[in-house]
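Every chain is numbered from 1, with letters handed out A, B, ... down the list of sequences. Values in this document were obtained by computation on a predicted structure and should not be read as measured data.
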Amino acid sequence: MSKALTTRAEDYSQWYNDLVIKGGLADYSAVRGCMVIKPYGFALWENMRDQLDKMFKDTGHVNAYFPLFVPKSLFEAEEKNAEGFAKECAIVTHYRLKADPDHKGKLMVDPEAKLEEELIVRPTSEAIIWNTYKGWIQSYRDLPILINQWANVVRWEMRTRLFLRTAEFLWQEGHTAHATREEAIIETEKMLDVYAEFVEEYMAVPVIKGIKTANERFAGAEETYCIEAMMQDGKALQAGTSHFLGQNFAKAFDVKFSDKNNTLDYVWATSWGVSTRLIGALIMAHSDDQGLIMPPRIAPVQVVIVPVYKGDDSKPVIDEKANALAKELKALGIRVKFDDSDNSRPGWKFAEYELKGVPVRIAMGLRDIDNNVVELARRDTKDKQTVSMEGLPAYVSGLLEEIQLNIYNRAKAFQTEHINTADTWEDFIKVLDEKGGFVSAHWDGTAETEEAIKEKTKATIRCIPLNNVPEAGQCILTGKPSTQRVLFARAY
RNA sequence: CGGGAUGUAGCGUAGCCCGGUUAUCGCGCCUGGUUUGGGACCAGGAGGUCGCAAGUUCGAAUCUUGCCAUCCCGACCA
């Protein structure tokens, strides 16, 4: 059967690809570096998006939409930001095709239709947004502006991987404007908390909140906050970022406001985003060699009912019971699918829904109906149990929560196991190579040392944890004094 | 962008080194039947620009050149 999965031990990368493709989340496309998100994968994204959107609205944000294209002159206005993205920009230079006189039936770019000014396909929207905000902000009364947009962006990556790094991806980007530095910093931290809450509570992936070093900071930001997650192969993955932009963009786009004393000052800014990359994090944090494992709270299908029948006459009996059960589950807000298709047999369906990571499977046959029970299997532990149909919906509802908690705890235990300290260079290498994961170690605070460590070990500083306790020590590489530990890891 | 690998039906593949009738097999698909508690079985059937383009040759899936795409490893990145 072509559905056979590569195991994690065999080839971790291939295992990941197999899950994405065979689990029906996405497909390769005819466009280099771009993927098709299939209905099952998009349903997952929709659930994530809807929850995040609710959390954004609950914290006072509103949605808007800005153009895909950014005129080059606007794009380059904030120099650091422009420089940071310059190497991965797609550029529109023409606006028309015409029939190619030398090749019948083919088209060519019409050289007459060159744009006066090139358009950059947004790799992020700060430029077009701050150019717009300039027209919206005159007074402190116009502040704050708390806008989010759901959009696609393009970053022309050299090497792409399904969900983790594609040339085009979906994300949300929040762009806020504030009257004071303090307020902007509070916003930056608030949104980091929103991300952490979402990823931990809904995706069941534990994260470390921290700030980035200068090397890893978003180009154009004063401070970049991040949440870092741990994958099963011990590599770190940045799951979300929130930037305190200071007055950099306000200065670049000349966005000033009058305060209560009628003094003019530049506006303070933040931006924050998470992307479809989170789906990659979800897959690599939870799944196993049998397939995906979806956290119930965002699973496209939470419960699947598989009928097991003998002969045509038993089918209507089972259908009736199953439909009734599905209705009861739906009434509790549970996303349930009754797979009554006659195309495949129960065993095939069992394997298929395991591959797709459906948290709970209910098998129902005549034997069960006679005894007023069902067979209930949970994806996270593979446990099977026979449960009475009496009070089943409430039981299932509780079980979904239990599964959610269990996979979080499992991931949390893994994360804890994979945060180790190192106090000498030898130790550092050893932990990195043998255990993987985060290595908590002292660092002298210089970009040169960070760079040198990266070159020697491939490990980068993922973050300086927000909850760090000050501790005097010596840099792992240079031996120079250090005031706190930072987290190193090899990362995606 | 460098290194490696791959490209033959929806998927996985044989054939390629050593050119030669109608391109192999399995899964899947279609039709009919028997089945259904962990990826069912029988019978019949459909499905192919052999990644694309040039070239060599009487003849190319097979040899040559160029191009394209994907994966893996690196450099770069959410």
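When the side-chain contact (heavy atoms from CB on, under 4.5 Å) test is applied to E10(A), the partners found at least two apart in sequence or on another chain are T6(A), T7(A). Residues satisfying the side-chain contact (heavy atoms from CB on, under 4.5 Å) test with A127(A), not counting sequence neighbours, are V70(A), F253(A). Y408(A) pairs by the side chain to side chain donor-acceptor pair (under 3.5 Å) definition with nothing, not counting sequence neighbours. Residues passing the side chain to side chain donor-acceptor pair (under 3.5 Å) test with Q385(A) are Y395(A), sequence neighbours excluded. By the salt bridge (charged side-chain N to carboxylate O under 4.0 Å, His left out) test, K412(A) is found to be paired with no residue, residues two or more places apart in sequence or in another chain being considered. Every residue two or more places apart in sequence or in another chain that forms a side chain to side chain donor-acceptor pair (under 3.5 Å) with D193(A) is listed here: K209(A). Residues passing the side-chain contact (heavy atoms from CB on, under 4.5 Å) test with S275(A), sequence neighbours excluded: F169(A), W171(A), R277(A). For V373(A), the side-chain contact (heavy atoms from CB on, under 4.5 Å) partners at least two apart in sequence or on another chain are D368(A), N371(A), T386(A). Residues satisfying the ring pair (Phe, Tyr, Trp, His ring centres under 6.0 Å) criterion with F488(A), sequence neighbours excluded, are F428(A).
The nearest heavy atom of RNA chain B to K458(A) and to D11(A) marks one nucleotide each, and the one closer to the 5' end goes with D11(A). Between Y492(A) and Y28(A), the residue whose closest nucleotide on RNA chain B is further toward the 5' end is Y28(A).
Within residues 361-376 of chain A, the residues that have a heavy atom under 4.0 Å from RNA chain B are, in order of number, R361(A), A363(A), G365(A), L366(A), R367(A), D368(A), E375(A).
Taking atom P on both A14(B) and C68(B), the two are 26 Å apart, rounded to the nearest angstrom. Comparing the P positions of G26(B) and U34(B) gives a spacing of 25 Å, expressed to the nearest Å. Remark: the separation of the C1' atoms in G28(B) and A69(B) is 24 Å, to the nearest Å. Going from the P atom of A40(B) to that of G47(B) covers 27 Å, rounded to whole Å.
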Review point. So what's the dot-bracket for RNA chain B: Watson-Crick or G-U pairs under 3.5 Å, [ ] if a pair crosses, | if it pairs off-strand?
Key: ((((((((.[[[..)....(....]]].((((((.....)))))).....[[[[[..)....]]]]])))))))....

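At a cut-off of 3.5 angstrom, counting only N and O atoms as typed in the model, there is a donor on one side and an acceptor on the other between the side-chain of K384(A) and the base of G38(B).
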Could you write out each protein N or O paired with an N or O of nucleotides 40-44 of chain B at a distance under 3.5 Å?
from	atom 1	to	atom 2	distance (Å)
A40(B)	OP2	R345(A)	NH1	2.6
A40(B)	O4'	R345(A)	NH1	3.1
A40(B)	N9	R345(A)	NE	3.4

